[in-house]
Amino acid sequence: VFLDVALRQSLKIDPKKEKFSVKITGGPDGDVAGNLMKILIRDYKDTAKIVAVADGFGVAEDPNGLDHGEIMRLFEAGSPINAFNKDRLSSEGCMFDASTDEGASRRDTMVFRVKSDVFVPGGGRPGTIHKDNWMNFMDANDVPTSPLIVEGANLFNTHEAREGLRSKGVSIVKDSSANKFAVNGISNLIDGIRNTFRKGR
């Protein structure tokens, strides 16, 4: 819900009608990331393009979008991203196992390198993006690699990183909102998200 409303409010994208790209930390076997992928494929199958997924075991990237059927196979099997069948990648896609130096490096830098409309940390170590590396989220032209972050994982970005990213125009839905809430009605939830964007938080 937060991702849907944030796309509409911050990026002016109607996710039900317009294509949008997502990069995700956390694997298909993860509680947050796996269920996010399942919902994206179920509810936004014609518009959601998952361009990169990184977890503890590896990383898969494809600017044309990772194959939905293969992601669901991994989700249902409870398998991490390094089990992704490379035959299901486009000619521009790649998959690396984190057991190799190159694979670990590609996994660790994915959140900074890969461009997408939105970044959803759905797993990963606390403080992964911090005061000393948040600038790596900018490309060579000083433009954020993702203009929207919806924090599904706790504490992935430090306070200093959040402030730095916001100074560069990144809209952020904090973990305290995105993954810790109880509401009495969906209308109250949506109103709350809209107010967050109006206040520029």
Side-chain angles (χ1 to χ4, degrees), residues 20-34 36-37 40 48-68 70-71 73-75 77-170 172 175:
F20 62 97
S21 55
V22 186
K23 61 184 177 187
I24 301 168
T25 57
D29 57 339
D31 289 340
V32 176
L36 168 66
M37 293 177 219
L40 287 172
K49 186 165 68 167
I50 302 170
V51 294
V53 173
D55 64 14
F57 296 91
V59 60
E61 304 173 22
D62 197 327
N64 298 303
L66 294 169
D67 183 85
H68 285 182
E70 180 63 4
I71 289 175
R73 182 187 70 81
L74 298 181
F75 174 82
S79 298
I81 199 64
N82 67 336
F84 195 97
N85 183 350
K86 290 183 178 182
D87 291 339
R88 304 299 291 271
L89 295 166
S90 77
S91 60
E92 299 177 69
C94 60
M95 193 281 288
F96 291 91
D97 192 296
S99 62
T100 69
D101 289 342
E102 182 180 14
S105 176
R106 297 275 300 202
R107 177 202 60 193
D108 294 346
T109 59
M110 184 281 282
V111 300
F112 303 109
R113 292 184 294 98
V114 174
K115 294 189 177 185
S116 63
D117 294 312
V118 59
F119 167 44
V120 181
R125 296 180 184 277
T128 295
I129 301 181
H130 50 76
K131 65 182 178 66
D132 296 322
N133 70 4
W134 70 264
M135 276 298 297
N136 294 338
F137 205 77
M138 306 298 117
D139 66 14
N141 297 312
D142 203 32
V143 174
T145 53
S146 298
L148 172 63
I149 299 175
V150 178
E151 298 178 340
N154 288 321
L155 308 174
F156 190 89
N157 303 312
T158 66
H159 173 73
E160 295 83 0
R162 244 185 239 120
E163 292 303 302
L165 292 166
R166 284 182 173 136
S167 75
K168 294 293 186 177
V170 179
I172 301 174
D175 52 6

Of all heavy-atom pairs between [X] and [Y], which one has the smallest distance, and what is that distance?
{"X": "Val114", "Y": "Ser146", "answer": "O-OG, 4.5 Å"}
{"X": "Gly127", "Y": "Thr158", "answer": "CA-CG2, 3.8 Å"}
{"X": "Met95", "Y": "Phe84", "answer": "CE-O, 3.8 Å"}
{"X": "Pro80", "Y": "Leu74", "answer": "O-CD1, 3.8 Å"}
{"X": "Glu151", "Y": "Pro121", "answer": "CA-CG, 3.9 Å"}
{"X": "Ile172", "Y": "Arg162", "answer": "CD1-CG, 3.5 Å"}

Is a side-chain donor or acceptor of [X] paired with a backbone partner of [Y] at a separation under 3.5 angstrom?
{"X": "Asp31", "Y": "Gly34", "result": "no"}
{"X": "Asp55", "Y": "Ile81", "result": "yes"}
{"X": "Asn82", "Y": "Gly58", "result": "no"}

Query raised in the report: Which salt bridge (Lys or Arg N to Asp or Glu O under 4.0 Å) pairs, counting each pair once, include a residue from residues 119-147, with sequence neighbours left out?
Result: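 Pairs touching residues 119-147 that pass the test: Lys115-Asp139, Asp142-Lys168.
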Query raised in the report: Is the number of heavy atoms from other residues, nucleotides or ligands within 6.0 Å of CZ (Phe112) greater than 12?
Result: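 Yes, the 6.0 Å shell around CZ holds more than 12 heavy atoms from other groups.
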Query raised in the report: So does Asn136 have more than 12 non-hydrogen atoms from other groups sitting under 6.0 Å from CG?
Result: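 For Asn136, atom CG is crowded (more than 12 foreign heavy atoms under 6.0 Å).
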Check: [Y] and [X] side chains under 4.5 Å, non-hydrogen atoms:
{"X": "Val111", "Y": "Phe156", "value": "yes"}
{"X": "Thr25", "Y": "Phe119", "value": "yes"}
{"X": "Lys23", "Y": "Thr145", "value": "yes"}

Can you tell me how far [atom2] of [Y] sits from [atom1] of [X], rounded to the nearest 0.5 angstrom?
{"X": "Ile71", "Y": "His68", "atom1": "CD1", "atom2": "NE2", "value": "6.0 Å"}
{"X": "Phe57", "Y": "Asp97", "atom1": "CZ", "atom2": "CG", "value": "9.5 Å"}
{"X": "Ile129", "Y": "Phe137", "atom1": "CD1", "atom2": "CZ", "value": "5.5 Å"}
{"X": "Glu102", "Y": "Phe96", "atom1": "CD", "atom2": "CZ", "value": "4.0 Å"}
{"X": "Leu165", "Y": "Trp134", "atom1": "CG", "atom2": "CH2", "value": "6.0 Å"}
{"X": "Asn157", "Y": "Ile149", "atom1": "CG", "atom2": "CD1", "value": "5.0 Å"}

Query raised in the report: Run the side-chain contact (heavy atoms from CB on, under 4.5 Å) check on Leu66 and Met37 step by step: do they pass?
Result: CA-CA 11 Å; Leu66 294 169; Met37 293 177 219; over 6 Å; no
Report task. For the residue pair Asp29 and Ser79, confirm or rule out a side-chain donor-acceptor distance under 3.5 Å. Result ->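 Ser79 and Asp29 do not have a side-chain donor-acceptor pair below 3.5 Å.
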Query - Full working for side-chain contact (heavy atoms from CB on, under 4.5 Å) between Arg73 and Arg88 - result: CA-CA 12 Å; Arg73 182 187 70 81; Arg88 304 299 291 271; over 6 Å; no
Report task. Could I get the full list of side-chain hydrogen bond (donor to acceptor under 3.5 Å, both in side chains) partners for Asn133, not counting sequence neighbours? Result ->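 Asn133 satisfies side-chain hydrogen bond (donor to acceptor under 3.5 Å, both in side chains) with His130 only.
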Report task. Evaluate the side-chain contact (heavy atoms from CB on, under 4.5 Å) criterion for residues Val22 and Ser116: first the C-alpha distance (whole Å), next the side-chain angles of each, then the deciding distance (0.1 Å), finally the verdict. Result -> CA-CA 5 Å; Val22 186; Ser116 63; 5.7 Å; no
